[in-house]
Amino acid sequence: MRRFRLFASRLGRVFKPYSDKGFEQEIAEHLALLVARFERQGMTPEDARSAARRQFGNLAQLKEQQREHRGMPMLETTLHDLQFSLRQLLNLPGFSVVAIAVLALGIGANTAIFSVVNGVLLRPLPFDHPERLVALFE
């Protein structure tokens with residue numbers, strides 16, 4: 001049940017707009033706590049801020065990790081790719097028409113060939129006892 005809830009919450013976050021404001025506030029609070037602890041240890045405010053930033057780590061990397069864990073990266077990447085491809089197709093209408101026509105012809109030809117093969121080779125013969133049929137050749 002826990003995995004289902006995690007999946008559902010991640011899937012919901014993919015489609016909901018998200019802002020990093022809350023995450024940035026949390027980071028600022030943690031940095032302030034670290035600065036206060038270093039100042040209590042006798043550091044100057046400037047040294048305490050730089051030591052807190054050093055100990056806390058790379059903020060950009062933390063934000064990126066948080067974004068990856070927030071949603072479903074593979075689904076988000078697929079959605080971004082689809083949006084990009086639709087934008088490109090709208091920018092080049094001539095290419096779009098040719099690409100769609102080629103795809104339609106390919107799918108139609110594939111369907112027609114499969115229908116013939118299915119009807120002739122794969123489906124059993126429409127007789128009561130097809131195993132009793134005999135072919136005579138001269």
Just jot down the side chain to side chain contact (heavy atoms under 4.5 Å, CB included) partners of Ala48, sequence neighbours excluded, or say none. Val35, Phe38, Glu39, Met43
Can you list everything that forms a salt bridge (Lys or Arg N to Asp or Glu O under 4.0 Å) with Glu46? Sequence neighbours excluded, please. Arg49
Hydrophobic cluster mates of Leu82, side-chain heavy atoms under 4.5 angstrom, ILVMFWY only, any path? none
Working to the nearest 0.5 angstrom, can you tell me the gap between His30 NE2 and Leu62 CG? 10.5 Å
All side chain to side chain contact (heavy atoms under 4.5 Å, CB included) counterparts of Arg37, not counting sequence neighbours: Leu34, Arg40, Gln41, Gln55
Contacts of Asn58 that satisfy side chain to side chain contact (heavy atoms under 4.5 Å, CB included) - sequence neighbours left out: Ala60, Gln61
Quick one: name the residues clustered hydrophobically with Leu33, using the 4.5 Å side-chain heavy-atom rule over I, L, V, M, F, W, Y, and just say none if it's on its own. none
When the side chains of residues 95-118 are checked against the rest of the protein, which donor-acceptor pairs come out under 3.5 Å, sequence neighbours left out?
| unit_1 | atom_1 | unit_2 | atom_2 | d |
| --- | --- | --- | --- | --- |
| Ser96 | OG | Leu89 | O | 2.5 |
| Ser96 | OG | Leu92 | O | 2.8 |
| Thr111 | OG1 | Ile107 | O | 2.8 |
| Ser115 | OG | Thr111 | O | 2.9 |

Mind checking who shares a hydrophobic cluster with Leu136, ILVMFWY linked at side-chain heavy-atom distances under 4.5 Å? Val134
Partners of Thr44 by side-chain hydrogen bond (donor to acceptor under 3.5 Å, both in side chains), sequence neighbours excluded? Asp47
Taking side-chain hydrogen bond (donor to acceptor under 3.5 Å, both in side chains) as the cut-off, I'd like each qualifying pair that reaches into residues 77-92, sequence neighbours left out, listed once. none
